[in-house]
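A quick write-up on the structure given underneath.
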Amino acid sequence: MENAFLNSLVVGAVLLGCAVFSALAGDPDALFDFIVPPGVMPANVSANNFTFRATKADFVAGKLIVQKISLAELPTLDGAGVSMATLMFPPSVADPVHFHQRASELLQVTSGSLFVSFIDSLGRRFDQKLFAGDAFLFPKGMLHYQINLDPKKPAHAVAVFGSSNPGIVLLGPTLFGSGLNVEVLHQSFNISKETIEKLVAANTPHPL
Ligand SMILES: *[C@@H]1O[C@H](CO)[C@@H](O)[C@H](O)[C@H]1NC(C)=O
Ligand SMILES: *[C@@H]1O[C@H](CO)[C@@H](O)[C@H](O)[C@H]1NC(C)=O
Ligand SMILES: *[C@@H]1O[C@H](CO)[C@@H](O)[C@H](O)[C@H]1NC(C)=O
């Protein structure tokens, strides 16, 4: 009796701990006004260290252009709990299926239109068509994509993330570009080894 009561107390405490932990999930708050980036003397911090200057993105015709502004590009984002990206979609081009393991994403179309979708852990698909000014939430860790369905006009979007380092897991390279055992892939997807070998050949390793 006493044991059962103790057990339920322990279970209750663990569940409460999980609830508190998930409520606090996100980047930990910085304990200082800001975190001085590596290699900078505290007395030498300047406005430049909080500035991201536009760089000329490598333009490849027909390719999606993503300009990230996250921890890697702006080190003072450490502890700030935010980051962003701008995306330029040429006609008919997609941002391939991926998820961000550390942050929800709020994406706003700034010109043109996009078709977007995420899939939750029950396999439900949430599709939407967005026009300039519309925004859509991709919850943290959910598989998603965006595609410009217009065959003639480009589309532009801006995305904000609730982490300075949202991370990205691209599905194609993760599943088929990482050298996973072909037998395991065969059994996981119930498709022939020939098909898997084609998928492996078509997917280069995850870009670092
Ligand atoms: C910090 O600023 C001082 C004075 O402007 C300069 O002499 C020194 O080289 C700087 N140190 C670093 C690490 O940037
Ligand atoms: C910080 O700003 C100084 C110039 O004010 C610059 O020399 C330095 O590279 C910057 N460091 C980082 C990590 O942004
Ligand atoms: C695998 O695919 C075959 C057809 O190729 C089908 O008969 C079988 O039910 C599938 N198995 C599963 C577990 O989906």
Side-chain angles (χ1 to χ4, degrees), residues 17-59 63-89 94-111 114 116-121 126 128 130 133-146 155-175 177-178 204-208:
C18 290
V20 169
F21 180 76
S22 58
L24 296 176
D27 290 1
D29 273 339
L31 298 178
F32 308 94
D33 290 355
F34 48 81
I35 294 175
V36 177
V40 179
M41 302 273 286
N44 288 19
V45 184
S46 75
N48 287 334
N49 299 129
F50 299 88
T51 308
F52 172 84
R53 292 283 184 202
T55 50
K56 208 162 155 20
D58 291 337
F59 184 81
K63 287 258 192 230
L64 173 75
I65 295 174
V66 182
Q67 174 64 75
K68 289 194 294 168
I69 308 176
S70 61
L71 195 56
E73 295 77 24
L74 184 60
T76 38
L77 280 174
D78 193 4
V82 292
S83 63
M84 65 181 294
T86 55
L87 302 96
M88 197 287 278
F89 295 78
D95 183 6
V97 184
H98 64 276
F99 63 87
H100 305 286
Q101 66 271 37
R102 282 184 289 274
S104 293
E105 170 179 357
L106 185 58
L107 175 133
Q108 184 177 41
V109 175
T110 47
S111 76
L114 288 177
V116 304
S117 186
F118 80 84
I119 300 166
D120 74 4
S121 57
F126 298 84
Q128 195 55 277
L130 305 176
D134 296 346
F136 191 80
L137 173 68
F138 302 98
K140 177 153 106 179
M142 300 288 111
L143 205 63
H144 64 271
Y145 72 84
Q146 303 99 28
H156 295 83
V158 54
V160 293
F161 301 91
S163 167
S164 61
N165 194 16
I168 184 167
V169 177
L170 280 163
L171 229 56
T174 300
L175 289 171
S178 58
T204 46
H206 207 304
L208 291 179

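- Here the straight-line distance linking atom CZ of F136 with atom CZ of F126 works out to 8.5 Å at 0.5 Å rounding.
- Looking only at distances, a side-chain donor or acceptor of D27 sits under 3.5 Å from a matching main-chain atom of S164.
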Show me the donor-acceptor pairs, under 3.5 Å and distance only, between side chains in residues 101-108 and residues at least two apart or in other chains.
from	atom 1	to	atom 2	distance (Å)
Q101	OE1	I168	N	3.2
R102	NE	N165	O	2.6
R102	NH2	N165	O	3.3
S104	OG	K140	N	3.0
E105	OE1	H100	NE2	3.1
E105	OE1	H144	NE2	3.1
Q108	NE2	G133	O	3.0

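- Residues H156 and S111 bring a donor and an acceptor atom of their side chains to less than 3.5 Å of each other.
- Taking all atoms of both residues into account, the shortest heavy-atom contact from Q146 to L87 is OE1-CD2, 4.1 Å.
- In this structure, the side chain of T174 does not engage the main chain of V169 through any donor-acceptor pair within 3.5 Å.
- Separation of atoms CD1 (I65) and OG1 (T86) is listed at 9.0 Å; rounding is to 0.5 Å.
- Using a 4.5 Å heavy-atom cutoff, the side chains of F52 and M84 are not in contact.
- The distance from atom CG of L170 to atom CG of L175, rounded to the nearest 0.5 Å, is 10.5 Å.
- For the atom pair CD1 (I35) and CG (N49), the distance works out to 13.5 Å, reported to the nearest 0.5 Å.
- When all heavy atoms of A94 and F89 are compared, the closest pair comes out as C-CE2, 4.3 Å.
- With hydrogens and angles ignored, the 3.5 Å screen pairs a side-chain donor or acceptor of S46 with a backbone N or O of N48.
- The distance from the NE2 atom of H98 to the CZ atom of F138 is 7.5 Å, given to the nearest 0.5 Å.
- To the nearest 0.5 angstrom, L71 atom CG is 9.0 Å from T76 atom OG1.
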query: Would F50 and V45 count as a side-chain contact (heavy atoms from CB on, under 4.5 Å) if you check the C-alpha gap in whole Å, the side-chain angles of each, and the deciding distance to 0.1 Å?
result: CA-CA 9 Å; F50 299 88; V45 184; 3.6 Å; yes
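- Between V66 and A85, the closest heavy-atom pair is CG1-CB, 4.2 Å.
- Smallest separation of non-hydrogen atoms from A155 and L114: CB-CD2, 3.9 Å.
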task: List the steps, then state whether side-chain contact (heavy atoms from CB on, under 4.5 Å) holds for V82 with V160.
output: CA-CA 7 Å; V82 292; V160 293; over 6 Å; no
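- Within the 4.5 Å cutoff, the side chain of P96 has no heavy atoms near those of the Y145 side chain.
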